[in-house]
Number of protein chains: 2
Amino acid sequence: MHTHFTIDCVIYSFHEGQLKVLLTERNESPYSGWWALPGFFVNKYEEMEDAVARISYEMTGLKDIFMEQLAAFAGVKRHPEGRILTVAYTTLIRFDDVKNKVKPVTDYMRQANWFSVSELPELAFDHQEIINLSLDKLKRSISYSTAPFELLPDKFTLTQLQQVYEEILRKKLDKRNFRKKIMNLGYLKELNEVQQHVSYRAARLYKFDKRKFAKLFSQE
Amino acid sequence: MHTHFTIDCVIYSFHEGQLKVLLTERNESPYSGWWALPGFFVNKYEEMEDAVARISYEMTGLKDIFMEQLAAFAGVKRHPEGRILTVAYTTLIRFDDVKNKVKPVTDYMRQANWFSVSELPELAFDHQEIINLSLDKLKRSISYSTAPFELLPDKFTLTQLQQVYEEILRKKLDKRNFRKKIMNLGYLKELNEVQQHVSYRAARLYKFDKRKFAKLFSQE
DNA sequence: TTTAATAGTGTAATATTTACACACTATATT
DNA sequence: AATATAGTGTGTAAATATTACACTATTAAA
């Protein structure tokens, strides 16, 4: 009638054209030395949302990131000591905002690192399964979520946006059709600025307009 | 680091044109005498899926129903004794299959009864919140889920199907457009049978073709 | 036979999706 | 100055899907 209770975090970012997930190297038995999702035990009198904030910080050094619940995983056989119920949370962050800040502030993990979701090492516990479920959800919800814009910098090119879509959907899209469709949605603001420091024709930059996006999905 | 662990079940059916949810009257403190989702504690060495089957049976008398996970709820203040973490599960069943069988087989609940989701009594704990989340999910996923057919009998009329859609989406649909669209999807089989015992023009019956439905969503 | 209740059906206008290829531009290199 | 490189930016026609909209047909009961 009691169970251990943990939180695991699936933290995505986008870098060099690839969807990345943040993993930590465990320093504790079981699975010591294995890569795993950042996660830890919830305290007795701690609200789940507070635990998510605390644990994501302790395991990765990242602060103030908003996480959304994915699902609960509770296999009795996940751990020799008996059941450990974990609730998985997901978030998406801008790689550039955090690139040098990702470092555990606890001894439970030795290091943290970004891995391309298509080239993951063998993971501890059922963490691969958790990631798979989370990728499915991301794919299904992409058309009505702000996910792509949470992964990109404030100003981005349409090619970058298309790459994010292609990574999440795991398929190539047609450039002209993609641009037509995304611009038609009306929540991208075209800027009078272009990319800097590229050795080819610089692409125009765009911004995401949260308000217009919200309006689009408010009434329906 | 430990928590109580329960399962709560959100069980829907469709009857007399309305989406119904199955509630149980509690016979235990706290909230004794209140209506609540059928739910109970998970045993120490019990797999979560087994607990779902056992608890849904004990609280409602229903056997062999497949439930899908909705989310975990874990407020510290849900219960005076401290945190009780509950994982909510959802299912959809055919009203006619179960109409006389719904009865708790435990003393923890006094009775079970169907309520229209638009006219619920005040519920114990945060159960209204759980139902709201579940209704949202049902709405969002209706176009790519088998939900409407799980609520209907094996043979059904297009009007019944449209009513299910209207209840889940909470809006009226145009009859001609609805029929055009649903028939175009190609997974309804038209039967050479009509409704019996109706005091007006009998409607044609249809069946849901699972295979064709699955094919439709397999490759994409 | 009439009434009441629901079943069943089509079309035109508009919007969305798909398939598809080449010229343009900025920089780096010689 | 000329050229190579690498990625940007753009249009159209065909097919498909969506929307708005109203009357006739059928059955059983009165």
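We name chains A, B, ... by the order of the sequence lines, and we start the count at 1 in each one. Hydrogens, waters and symmetry mates are skipped; everything else that's a heavy atom, side chains included, is used.
Side-chain atoms of B:Thr159 and B:Thr157 include no donor-acceptor pair closer than 3.5 Å.
Between B:Arg204 atom CZ and D:dT26 atom P there is a gap of 13 Å when expressed in whole angstrom units. Per the geometry, CD belonging to B:Gln160 stands 11 Å off P belonging to C:dG8, to the nearest Å. The separation between A:Tyr206 atom OH and D:dT8 atom P is 11 Å, rounded to whole Å. One interatomic measurement links the two molecules: CZ of B:Phe156 to P of C:dT6, which rounds to 20 Å at whole-angstrom precision. Atom P of nucleotide D:dG9 and atom CG of A:Leu158 are separated by 7 Å, given to the nearest angstrom. Rounded to whole Å, atom P of C:dC24 lies 15 Å from atom CZ of A:Arg176. The CZ atom of B:Phe178 sits 16 Å away from the P atom of D:dA20 (whole-angstrom rounding). As rounded to whole Å, 13 Å separates atom C1' of C:dC22 from atom CZ of A:Arg201.
The neighbour count for B:Asp136 CG, taken as heavy atoms of other residues, nucleotides or ligands under 6.0 Å away, is above 12. Other residues, nucleotides and ligands contribute at most 12 non-hydrogen atoms within 6.0 Å of the OH atom of A:Tyr108. Within 6.0 Å of atom OH in B:Tyr144, more than 12 heavy atoms from other residues, nucleotides or ligands are found, so the atom counts as buried in its surroundings.
At least one side-chain heavy atom of B:Leu23 sits less than 4.5 Å from a side-chain heavy atom of B:Leu120.
Between A:Phe156 and A:Phe208, the distance separating the two ring centers is not shorter than 6.0 angstrom.
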Assess the residue pair B:Phe14 and B:Ile168 against the criterion (side chain to side chain contact (heavy atoms under 4.5 Å, CB included)); give the C-alpha distance rounded to whole Å, side-chain angles, the decisive distance to 0.1 Å, and a yes or no. CA-CA 10 Å; B:Phe14 183 76; B:Ile168 291 176; over 6 Å; no

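Checking A:Ser199 against A:Lys181, the closest nucleotide of DNA chain C that is more toward the 5' end is the one next to A:Lys181. Sequence order on DNA chain D of the closest nucleotides to B:Lys175 and B:Val198 puts B:Lys175 first from the 5' end.
Among the protein residues, B:Thr159 comes within range of the sugar-phosphate backbone only, with heavy atoms under 4.0 Å from sugar or phosphate atoms but none that close to a base. Within 4.0 Å of B:Asp174, counting heavy atoms only, lies at least one base atom of the nucleic acid.
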Could you write out each protein N or O paired with an N or O of nucleotides 12-14 of chain D at a distance under 3.5 Å?
residue, atom, partner, partner atom, Å
D:dT12, O4, A:Lys180, NZ, 3.0

